[in-house]
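What follows is a single structure, written as structure tokens, with notes after it.
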Amino acid sequence: MLLKKISVLICASSFSCISFAQTNNMQDETDKVIDTFLQCDNQFFEQLSKHQESINQYVDLATTPNNVTYIPVESIQKPDKNKVMFKKPLKYHGLEIVGYQNIYISTTLSGQFLYWGFIFDNKQDEIKSALSNINWLHYSQNTYIANAKIYDKKSKSKTWEDDIYAIDGVIPRFSTINKALYLESSANNQSSIFCSIQGDLEKETILTARPDLKPIIEKQEAELQERIKANQEKMQKEKEKQQNQSQTNPTEANSKDGEKI
């Protein structure tokens, strides 16, 4: 009887150890995903792909036709549809991540602005304390900034430089690209951490940092070509109509030409 009890205890202990090991392994994997996100480069998407099973417990993932794994939202261009809330909080260094947001803003004169990041069920001070390895600097009343960089297309160095002029309200100047990490406060004592790349962005630059956007960019390009084609066809029809009217009323056309002379 004693041996039986000991056997049961050993089995129970083994299952607990296995469960504990699995939990720790899963935590390590989700930590790696968030760690790489904070670097604000394409490694984030590589880690999402590598640890899909762990992340899928919190939020459903998707994969592009070129096999890039990402967190989908309904629309990156509509403010009321650019976020997804998690099935349950994801723990990270004592913090709780409860959602993901993906924002795209295109302007006529100031370039393009891309923001992607996580929603935390924590106040800014809690996040700053937990992520003390990041050098957070005041950006505005409700926002901190870190790791601000600038790339000048006209510069001979062709490298990212520290952006000492990353100031609220100052947009990227022509032929430059900015990137940084932002910590913003929001309603209900929550906060968000965003990666951002903005300015005079070209397709290649965007896809280097955000390979998940390739299908969206290709769709936009196709729609633009359709609009250009439709406009060209419209102009051609108007031209043909004017030519037909001129041929139908040669006397009137000559009269008008005479008046101009």
Problem set entry | Cationic tip of K83 above Y100 ring, under 6.0 Å, 45° of axis | no
Exercise. Parallel, tilted or perpendicular: which describes the rings of Y58 and F86, with under 30° parallel and over 60° perpendicular?
Worked result: tilted
Seminar exercise, completed: Heavy-atom closest pair (D163 atom, K149 atom, distance to 0.1 Å) is CB-C, 3.7 Å
Exercise. Quick one: do the N244 and E240 side chains pair a donor with an acceptor below 3.5 Å?
Worked result: no
Exercise. Do we see a donor-acceptor contact under 3.5 Å between the side chains of Q43 and D41?
Worked result: yes
Problem set entry | Check ion pair D152-R173 (N to O, under 4.0 angstrom) | yes
Problem set entry | Pairs involving residues 195-236, ordered by first then second residue, that meet ring pair (Phe, Tyr, Trp, His ring centres under 6.0 Å) (sequence neighbours left out) | none
Exercise. For E238, does the CD atom sit with more than 12 other heavy atoms under 6.0 Å from it, leaving out its own atoms?
Worked result: yes
For this session: Applying side chain to side chain donor-acceptor pair (under 3.5 Å) between Y92 and each of D35, D31, T30, N122, report the one that passes.
Result: D35
For this session: Kindly determine whether R210 and D212 satisfy salt bridge (charged side-chain N to carboxylate O under 4.0 Å, His left out), including the steps that lead there.
Result: CA-CA 5 Å; R210 295 291 307 277; D212 61 308; 2.8 Å; yes
Exercise. At their closest point, which heavy atom of P72 faces which heavy atom of V84, and how far apart are they?
Worked result: O-CG1, 3.8 Å
Exercise. Parallel, tilted or perpendicular: which fits the ring planes of F194 and Y115, with parallel below 30° and perpendicular above 60°?
Worked result: perpendicular
For this session: Any ring pair (Phe, Tyr, Trp, His ring centres under 6.0 Å) involving residues 147-184? Give me the pairs, sequence neighbours left out, ordered by first then second residue.
Result: Y139-Y182, Y151-W160
Problem set entry | Between CG on residue L131 and CD on residue E126, distance to nearest 0.5 Å | 11.5 Å
Exercise. Does one side chain, of T159 or E161, offer a donor that lies under 3.5 Å from an acceptor on the other?
Worked result: yes
For this session: State the OG-CG distance between S49 and N67, to the nearest 0.5 angstrom.
Result: 7.5 Å
Problem set entry | Within 6.0 Å of NZ in K158, more than 12 heavy atoms from elsewhere | yes
For this session: Considering only Ile, Leu, Val, Met, Phe, Trp and Tyr, and joining two whenever side-chain heavy atoms are under 4.5 Å apart, list the other residues clustered with M85.
Result: V98, I119
Problem set entry | Verdict with reasoning, E96 to K91, per salt bridge (charged side-chain N to carboxylate O under 4.0 Å, His left out) | CA-CA 5 Å; E96 289 193 351; K91 304 287 186 180; 2.4 Å; yes
Exercise. When rounded to the nearest 0.5 angstrom, what distance separates NZ in K239 from CD in Q232?
Worked result: 12.0 Å
